[in-house]
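For reference, the structure discussed in these notes is given below.
One-based numbering, in listed order, for ligands and for the atoms of each.
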Amino acid sequence: MNTNWDLGEERVKIEKASEYLSERFQERFQNEKFEPRALIICGSGLSGIPDKLNKDKLEPLVIPYELIPGFKRSTVPGHSGNLVFGIMNDYPVVLMSGRLHGYEGNTIQETVFPIRVLHHFSKGGIKTLIVTNAAGGINSEFKPGDIMCIYDHINFPGLAGLHPLKGPNFDDIGPRFLALSDAYSHDLRKLLFQTHNELKMDRPLHEGTYFFASGPTFETRAESRMIRILGGDSVGMSTVPEVIVARHCGWDVLALSLITNVAVIDHPPSGKIDTPVPMDYGKASHAEVLENGRIASKDVETLISTFVGKLHYRE
Ligand code: HPA
């Protein structure tokens, strides 16, 4: 937690970053009208989403995080760090290609800073957050490669005090005590399931509760069992802080977990037996997460880009 959190200073940082984006917009779009309506945060293995932008309609504007005042860079292999403005299926969007995690050493405010900046910059034009993540499967029905639409979450670090809205509140943006019982839009989830049916996608699309763990370790067996008992269906190290701040900004949220591995739930083999199941059976690895993310990513990208093309109904 950043103990030097100061709302005034934070506003100045947000305004500075937003001014920088305005200048880049002015340079690039001049007379063209381009106003992004949705932010898509591309998680692990979903870095190909920028290829779904219609370059013939509008050459995307790519702004590296390191050029934007106050933005931190992503340090995770497999994530880049660019804001990309463009058109996806006739809908104007901005992509965060590469996201910021707390486990990289960013404060929780730094991980949500891009949302605050884009809210300020778009002057209320952005109304939707679409966010994807890689996650471990906790629900016993889930297999690597499945997709889960998030309909609720457990903010474990948040319940213990590591919360993105802790500290002084931006009263002009959202309430001090934000309700989260409606965090994941029912309309958007319906539209996603409809899109999945229309595409006749074989890859299963589940619905469930995402458990946010701060990472960077994968869970122990006992932790995975605890998460299952508490009602988590998937577990990952991101998304929830961004979702909370997006809801605080009044945006609607659609969030997906790509199940990249399944949790090991059984107790470890006992030291009292000679020939146990090997200890490393089912053990999670970042390589497995990236590989399963890569295999499923084409479908997730198709699902998301088709879905985005249907967002016009909300205008
Ligand atoms: N646990 C936490 N985060 C993850 C996992 C996992 O098993 N897989 C991908 N991200």
Fill in: Flag for Asn54-Asp56: side-chain donor and acceptor within less than 3.5 Å
no
Worksheet item: Nearest protein heavy atom to atom 8 (N) of ligand 1, by residue and atom, and its distance?
Response: Asn261 OD1, 2.7 Å
Fill in: Nearest neighbour in protein (non-hydrogen) for atom 1 (N) of ligand 1
Glu219 OE1, 2.7 Å
Practice prompt. Would you check, one step at a time, whether the test salt bridge (Lys or Arg N to Asp or Glu O under 4.0 Å) holds for Arg37 with Glu35?
Written response: CA-CA 6 Å; Arg37 311 289 287 154; Glu35 289 170 359; 5.3 Å; no
Discussion item. Quick test: of every protein heavy atom, which one is nearest to atom 6 (C) of ligand 1, and how far off is it to 0.1 Å?
Written reply: Phe218 CD2, 3.4 Å
Discussion item. Check contact between Ala213 and ligand 1, using heavy atoms of the residue and a distance below 4.0 angstrom.
Written reply: no
Worksheet item: What residue and heavy atom of the protein are closest to atom 9 (C) of ligand 1, and at what distance?
Response: Thr260 OG1, 3.5 Å
Worksheet item: Could Asp266 and Arg221 be called an ion pair, given the rule that one side-chain N must be under 4.0 Å from one carboxylate O?
Response: no
Check residues 231-243 and write down every donor-acceptor pair under 3.5 Å in which the side-chain atom is one partner and the other belongs to a residue at least two apart or another chain.
from, atom 1, to, atom 2, distance (Å)
Asp233, OD1, Asn139, ND2, 3.0
Asp233, OD2, Thr209, N, 2.8
Ser234, OG, Ser257, OG, 3.3
Ser238, OG, Arg99, NH1, 3.2
Thr239, OG1, Arg99, NH2, 3.4
Thr239, OG1, Asn133, ND2, 2.9
Glu242, OE1, Thr239, N, 3.1
Glu242, OE2, Arg99, NE, 3.0

Worksheet entry | Which segment of Ala135 sits under 4.0 Å of ligand 1 when only heavy atoms are counted | backbone
Worksheet entry | Identity and distance of the protein heavy atom lying nearest atom 10 (N) of ligand 1 | Ala134 O, 3.3 Å
Response to the item:
Among non-hydrogen protein atoms, atom 4 (C) of ligand 1 lies closest to Val235 O, 3.7 Å
Item to complete: Begin from the C-alpha positions of Ile150 and Met148 and carry the test side chain to side chain contact (heavy atoms under 4.5 Å, CB included) through to its verdict.
Response: CA-CA 6 Å; Ile150 300 176; Met148 187 191 92; 3.8 Å; yes
Worksheet item: Any ion pair linking Lys13 and Glu10 (charged N to carboxylate O, less than 4.0 Å)?
Response: yes
Worksheet item: Can you tell me if CG on Asp202 sees more than 12 non-hydrogen neighbours from other groups inside 6.0 Å?
Response: no
Worksheet, complete the sentence: The protein heavy atom nearest to atom 5 (C) of ligand 1 is Gly136 N, 3.3 Å
